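As the structure is a prediction and not an experimental result, all values here were calculated from the model.
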Amino acid sequence: MKSHLEFTTQLARQAGATLLDAFNLSGTRASFKADRSFVTQADVAADHLITEAIQAQFPGEAILSEELHNSLPEVTPAMWIVDPLDGTTNFSLGLHVWGVLITRLLDGLPEMTVQYFPLLNEIYTAQRGKGAWLNGNPIHTRPPDPDQPYGFFACCSRTHRRYQISIPYKPRILGAAAYSFCMLARGAALIGMEVSPKIWDIAGAWLLVQEAGGVIQPLEGQAPFPLMAGSAYHQANFPTLGSATPELMEIARNKIAAKS
């Protein structure tokens, strides 16, 4: 029998292939959802593929997914969080940074994650207590390098609109919340910040960054875990801040202030 990681990795690749079939460099038609985020037919197709496979393999485990199961009537001891297409805007515009996010939780906490970015040929995995990996190679966060003159601050498009930022590193907006934290976990970014991610954007990142040796915390508000039954997760945002080291987390918190 396949391990959970093997099953999830294969499933993420299958969903990635479905998305690749729909991807077009000249763009793909997208529409607005009620919360003004984008959705494409490819999002829904990938969500169907993933959730149906999980339901068939693990019929007693709850699923929380962006497109098909975005509220949580119950919490089971083991459950799944799925974002079938993180970076939908990038996907719809023919840009390359988008991926499939599948995370398994035990007792309400992330236990295993697979994050697959097909056009980048990057698959990030993590298991609680077993480290973080990129394409099968271990990855780690890295503190500032005195021989590298520029640091990298991964953030979202709302960051500088809503916050006064004086972090002394170059900001980069990648357009996919999970990928910002992948950059932190692999040692490329020093700090990562997402202002309004949903739970499916950051569930895997929470585990990946920690297993890579970094720090990840709520920027404001409540922590996302453990999950709570009855919560309308499609309506809740979880502002999140990550850093390569505890010292950088302290620096970041001192240099980020909400605009009035």
Checklist entry - Would you find more than 12 non-hydrogen atoms of other residues, nucleotides or ligands less than 6.0 Å from Arg142 atom CZ? => result no
Checklist entry - Does a side chain donor of either Glu194 or Ser180 reach within less than 3.5 Å of an acceptor in the other side chain? => result yes
Next on the checklist: Is there a continuous path of hydrophobic side-chain contacts, each under 4.5 Å between heavy atoms, that joins Val215 to Phe153?
Outcome noted: yes
Checklist entry - CH2/Trp98 to CG/Asn90 distance, rounded to the nearest 0.5 angstrom? => result 10.5 Å
Checklist outcome for this item: Closest non-hydrogen contact found for Ala176 with Gly87 is CB-CA, 4.0 Å
Item to check | Validation row: Ile256, Met193 side chains within 4.5 angstrom (heavy atoms) | outcome: yes
Next on the checklist: Tell me whether Arg13 forms a cation-pi arrangement with Tyr116, defined as NZ or CZ under 6.0 Å from the six-membered ring centre and within 45 degrees of its axis.
Outcome noted: yes
Checklist entry - Considering only heavy atoms from C-beta outward, does the side chain of Trp200 approach that of Leu64 to under 4.5 Å? => result yes
Next on the checklist: Checking Ile202 against Phe181 for the side-chain contact (heavy atoms from CB on, under 4.5 Å) test, could you report, in this order, the C-alpha distance in whole Å, the side-chain angles of both residues, the deciding distance, and whether it holds?
Outcome noted: CA-CA 8 Å; Ile202 50 91; Phe181 293 113; 3.9 Å; yes
Next on the checklist: When you measure from the side chain of Thr76 to the backbone of Ala62, do you find a donor-acceptor pair of N or O atoms at a distance under 3.5 Å?
Outcome noted: yes
Item to check | Whether over 12 other heavy atoms sit under 6.0 Å from Glu250 CD | outcome: no
Next on the checklist: Can you give me the closest heavy-atom contact between Asp201 and Ala178, atom names plus distance?
Outcome noted: O-CB, 3.7 Å
Checklist entry - Got a donor-acceptor contact below 3.5 angstrom from the Glu211 side chain to the Leu208 backbone? => result no
Item to check | Heavy-atom side-chain proximity of Gln164 to Lys255 below 4.5 angstrom | outcome: no
Next on the checklist: Taking the six-membered ring for Trp, are Phe23 and Phe91 closer than 6.0 Å centroid to centroid?
Outcome noted: yes
Checklist entry - At what distance, to the nearest 0.5 angstrom, does OG1 of Thr159 lie from CD1 of Ile173? => result 6.5 Å
Item to check | Nearest non-hydrogen partners of Val114 and Ala12, listed with the distance | outcome: CG1-CB, 3.8 Å
Checklist entry - Can a donor-acceptor pair be found between the side chains of Tyr163 and Arg158 at a distance below 3.5 Å? => result no
Checklist entry - Is any side-chain heavy atom of Thr245 closer than 4.5 Å to a side-chain heavy atom of Thr141? => result no
Item to check | Taking every non-hydrogen atom, the tightest pair across Glu61 and Met79 | outcome: CB-CA, 4.4 Å
Checklist entry - Can Tyr124 be reached from Met112 by stepping across I, L, V, M, F, W or Y side chains whose heavy atoms are under 4.5 Å apart? => result no
Item to check | Min side-chain heavy-atom separation Pro218-Phe238 under 4.5 Å | outcome: no
Item to check | Test log, rule side-chain contact (heavy atoms from CB on, under 4.5 Å), inputs His140 and Arg186 | outcome: CA-CA 5 Å; His140 305 279; Arg186 69 183 281 182; over 6 Å; no
Checklist entry - Linking I/L/V/M/F/W/Y whenever their side-chain heavy atoms sit closer than 4.5 Å, directly or via other members, would Leu248 and Ile165 fall into one cluster? => result yes
Checklist outcome for this item: CZ of Arg161 to SG of Cys156, rounded to nearest 0.5 Å, is 8.0 Å
Checklist entry - Can you list the steps and then say if Leu20 with Leu119 is a side-chain contact (heavy atoms from CB on, under 4.5 Å)? => result CA-CA 8 Å; Leu20 282 171; Leu119 286 172; 3.7 Å; yes
Checklist entry - Centroid-to-centroid, His4 to Phe58, below 6.0 Å? => result yes
Checklist outcome for this item: To the nearest 0.5 Å, atom OG1 of Thr89 lies from atom CG of Asp86 at 10.0 Å
Next on the checklist: Would a single hydrophobic cluster contain both Leu184 and Ile139, if residues Ile, Leu, Val, Met, Phe, Trp and Tyr are joined by side-chain heavy-atom contacts under 4.5 Å?
Outcome noted: no
Checklist entry - Out of curiosity, does Leu207 fall in the hydrophobic cluster containing Trp133 (side-chain heavy atoms, cut-off under 4.5 Å, transitive links)? => result no
Next on the checklist: Could you check whether any side-chain N or O of Asn237 sits under 3.5 Å from a backbone N or O of Pro239, counting only pairs where one atom can act as donor and the other as acceptor?
Outcome noted: no
Next on the checklist: Show the nearest heavy-atom pair for residues Pro84 and Ile50, with the distance to one decimal.
Outcome noted: CA-CD1, 4.1 Å
Next on the checklist: Are the side chains of Thr103 and Trp80 in contact, using a 4.5 Å heavy-atom criterion?
Outcome noted: no
Checklist entry - OG/Ser65 to CG/Asp47 distance, rounded to the nearest 0.5 angstrom? => result 3.5 Å
Checklist entry - For Tyr179 and Gln115, does a side-chain donor sit closer than 3.5 Å to a side-chain acceptor? => result no
Checklist entry - If you measure from CD1 on Ile102 to CG on Leu11, what distance do you get to the nearest 0.5 Å? => result 4.0 Å
Checklist entry - Taking all non-hydrogen atoms of both residues, which atom of Leu106 and which atom of Arg128 are closest, and how far apart? => result O-NH2, 3.6 Å
Checklist entry - side-chain contact (heavy atoms from CB on, under 4.5 Å) between Leu101 and Leu85: does it pass, once the steps are laid out? => result CA-CA 7 Å; Leu101 317 178; Leu85 178 51; over 6 Å; no
Next on the checklist: Any donor-acceptor pair under 3.5 Å linking the side-chain atoms of Gln235 with those of Tyr233?
Outcome noted: no
Checklist entry - Do Phe152 and Pro171 come within less than 4.5 Å of each other through their side chains, counting heavy atoms only? => result no
Next on the checklist: I'd like to know if Arg104 pairs up with Glu111 as an ion pair, taking the criterion as any Lys NZ or Arg NE/NH1/NH2 lying under 4.0 Å from an Asp or Glu carboxylate oxygen.
Outcome noted: yes
Checklist entry - Does some side-chain heavy atom of Gln210 sit less than 4.5 Å from a side-chain heavy atom of Ile216? => result yes
